[in-house]
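What follows is a short report on a single structure.
As the structure is a prediction and not an experimental result, all values here were calculated from the model. Values below: every heavy atom of this structure, side chains too, minus hydrogens, waters and symmetry copies.
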Amino acid sequence: MPTIIPFPARYSAFALCVAGLAACLAFVLVSPHLWLAWVGVAIFAVLSGTGVHDLRQTRHAILRNYPVIGHLRFLLEFIRPEMRQYFIESDSEAAPFSRAQRSLVYQRAKGDPDNRPFGTQLDVTAAGYEWINHSMQPTKLANHDFRIVIGGTPQPADADPAQVCTQPYSASVFNISAMSFGALSANAILALNQGAKMGGFAHDTGEGSISQHHRVHGGDLIWEIGSGYFGCRNDDGTFSEERFTANARDPQVKMIEIKLSQGAKPGHGGVLPAPKVTPEIAAARGVPVGVDCISPASHSAFSTPTEMMRFVARLRELSGGKPTGFKFCLGHPWEWFGIVKAMQATGITPDFIVVDGAEGGTGAAPVEFSDHVGAPLQEGLLLVHNTLVGVNLRHRIKIGCAAKVITAFDVARMMALGADWCNAARGFMMALGCIQAQSCHTGHCPTGVTTQDPLRQQALVVPTKADRVRNFHRSTLHALQELVQAAGLDHPQQITAHHIVRRISDTEVRLLSNLVMQVQPGALLGPLDAQHNVFRTYWPLASAESFQPVTQGPQGLVSGFAMAA
């Protein structure tokens, strides 16, 4: 007896398409003037052809086993992020920013009311919940334009006059963090800079240097200089003093920031592929058009902490005395301590340091780097602040920070941990209209924020979005003013870890000051026996003459890095 092979059910959709095609062809033969039959022929012909292609292709096993209908799986996978974001995730579920956080930015950017009825949606009994203690005697402040002066702090009597900051900058406590032209569209850069001009705050250029779009509206710029020395490089990629001076002395440039590393991918470097190096990007960066644009993982202008401090002093001199500092994400503690020892040895101090947390974002980074490389902002900020306090240099150096700063409470909390000001990147992107589609690296940004596609970025209308950038900044600082007043203070710089309370468990809360490391002034200048383990272990390993550890500690190089313990 012959064996009857049953028809596999997984081919049913394909079989129905073929049957539909046959039926429509029959209708066409019988009634050639019936237009619906011709439409059916076209539709079922495409579906049947798709099924044949699915059976013959070798890339996707699902399509070979489930011709035609297998495409439904890829469709559902494609729209899954949107379906989850709009219909499934809760308002407080952060990935990486919660719907509640995004909604707050949108409301403030548009000037809509951001008041919340019916009480908080947060679980105030959950471990990790934090609040700021208020005063029975609130203050009344005239405005919310909180500012700090960066640079111009007292220098040693024997300091070289040519290396002293003579053009201090009065900065807002909330500014736009580093995002390069190329990572952002031309219209996004135009809107951010116009918003910064209107609101009186600073716009960090990112390491892609100063483009023509940064200059249109004249907003204050922080010029970030990365390892590629874009905008101040020789043809071989080394640093050019002549080109640096030409840009740095532009009155629109208020501060110079050397980028050592960024939070999203510290120690990685990067490559902008040749097809993306357009004439505009090439002009801004000083690189050839259509050639891979490489950002090395480390700088070529210095190789030791001492050389780095001399580079800082040289840039400050070449810029005409503008505030000069550096940005980094904390990695090996002995490297940071080596930089501090170089400050002590040379007498040269940066005017500011920006601490970037590992939770920071970028257009694209390897998953392992985003998830597992670099110190989070709290730990990095605490170590930087306390080290400078411990060597009596904190009064000479301002500290900025960046990483998931969205609300006024975020700003207040970072200032309680030691920051003088905060930067935000993704918050201002959302003010531009970013919907967290997480397609920044594809060139297909749906809102025109992170694409170089001229048609896509036309959707971003510069005057409207600039107004939203200004609104978001103003509303956030207004909320910060209300927090400062409620705490009975006169300036957010007066907020300390004693003002912030964290829940530890259902029955225990503690002041943040009792949970985080706090070093006394000058404590690191003497014996380290009574200091935190991170100092006892790593300070002896640090050298002003090398980023490498001097010796292996008795407990190994990884002991004692629980900085917040």
Side-chain angles (χ1 to χ4, degrees), residues 89-124 126 128-134 141 144-146 172-177 192 195 199 201 263 355-357 359-361 376-378 381 400-436 468-487 489 491-497 499-503 512:
E89 71 179 23
S90 69
D91 285 348
S92 60
E93 190 175 350
F97 290 93
S98 70
R99 185 172 183 83
Q101 290 174 309
R102 298 194 305 270
S103 296
L104 182 65
V105 175
Y106 299 149
Q107 289 167 336
R108 289 180 170 171
K110 295 175 183 177
D112 293 341
D114 60 4
N115 306 82
R116 177 171 293 165
F118 232 67
T120 181
Q121 296 179 10
L122 301 178
D123 182 0
V124 300
Y129 173 74
E130 293 181 336
W131 68 91
I132 184 169
N133 278 335
H134 66 281
L141 305 181
H144 57 257
D145 187 24
F146 300 117
S172 170
V173 299
F174 189 48
N175 301 289
I176 301 172
S177 195
L192 287 172
F201 53 100
V355 183
D356 211 12
E359 61 269 46
L377 179 55
Q378 174 171 295
L381 177 58
C401 69
K404 298 190 77 171
V405 176
I406 292 290
T407 70
F409 181 77
D410 295 334
V411 176
R413 188 181 185 281
M414 291 301 107
M415 299 185 86
L417 294 176
D420 293 298
W421 87 89
C422 294
N423 295 332
R426 287 165 291 181
F428 281 103
M429 285 175 63
M430 286 185 269
L432 289 174
C434 168
I435 61 173
Q436 195 174 276
R468 292 187 180 186
V469 168
R470 187 262 313 268
N471 288 345
F472 171 58
H473 177 269
R474 179 179 58 194
S475 297
T476 301
L477 286 194
H478 177 70
L480 181 62
Q481 175 190 3
E482 294 183 321
L483 284 180
V484 172
Q485 291 176 157
L489 306 174
H491 194 281
Q493 278 193 302
Q494 296 175 322
I495 300 173
T496 70
H499 292 96
I500 308 295
V501 187
R502 178 186 293 177
R503 180 173 293 283
L512 204 57

Within this structure, what is the [atom1]-[atom2] distance for the pair [X] and [Y], rounded to the nearest 0.5 Å?
X      : Y      : atom1 : atom2 : answer
Thr407 : Asp114 : OG1   : CG    : 11.0 Å
Gln485 : Leu480 : CD    : CG    : 10.0 Å
Arg102 : Cys434 : CZ    : SG    : 9.0 Å
Gln101 : Gln436 : CD    : CD    : 8.5 Å
Met414 : Ile500 : CE    : CD1   : 9.0 Å

Are [X] and [Y] packed together at the side-chain level, in the sense that at least one heavy-atom pair is separated by less than 4.5 angstrom?
X      : Y      : answer
His499 : Gln494 : no
Ile495 : Leu483 : no
Asp123 : Tyr129 : no
Phe146 : Leu141 : yes

Asn423 vs Val405, test: side-chain contact (heavy atoms from CB on, under 4.5 Å). Steps then yes/no.
CA-CA 7 Å; Asn423 295 332; Val405 176; over 6 Å; no

The criterion is side-chain contact (heavy atoms from CB on, under 4.5 Å); which residues satisfy it with Ser172, sequence neighbours excluded?
Arg147, Phe174, Asn175, Phe201, His473, Leu477

Apply side-chain contact (heavy atoms from CB on, under 4.5 Å) to Asp420 and list each qualifying residue two or more places apart in sequence or on a separate chain.
Ile148, Arg394, Lys398, Ile399, Gln493

For residues 424-432, run the donor-acceptor check on the side chains, cut-off 3.5 Å, and write out each pair with its distance to 0.1 Å, sequence neighbours left out.
from: Arg426; atom 1: NH2; to: Glu359; atom 2: O; distance (Å): 2.8

Just jot down the side-chain hydrogen bond (donor to acceptor under 3.5 Å, both in side chains) partners of [X], sequence neighbours excluded, or say none.
X      : result
Ser475 : none
Arg470 : Asp467
Asp112 : none

Whether Lys404 side chain and Leu377 backbone form a donor-acceptor pair below 3.5 Å
no

Within the distance-only criterion (no hydrogens, no angle test), does the side chain of Arg503 pair as donor or acceptor with the backbone N or O of Val124 below 3.5 angstrom?
yes

With distance as the sole criterion, is a donor-acceptor pair present between the side chains of Arg474 and Asn471 under 3.5 Å?
yes

Looking only at non-hydrogen atoms, find the nearest pair between Gln378 and Arg413 and report the distance.
OE1-NH2, 2.5 Å

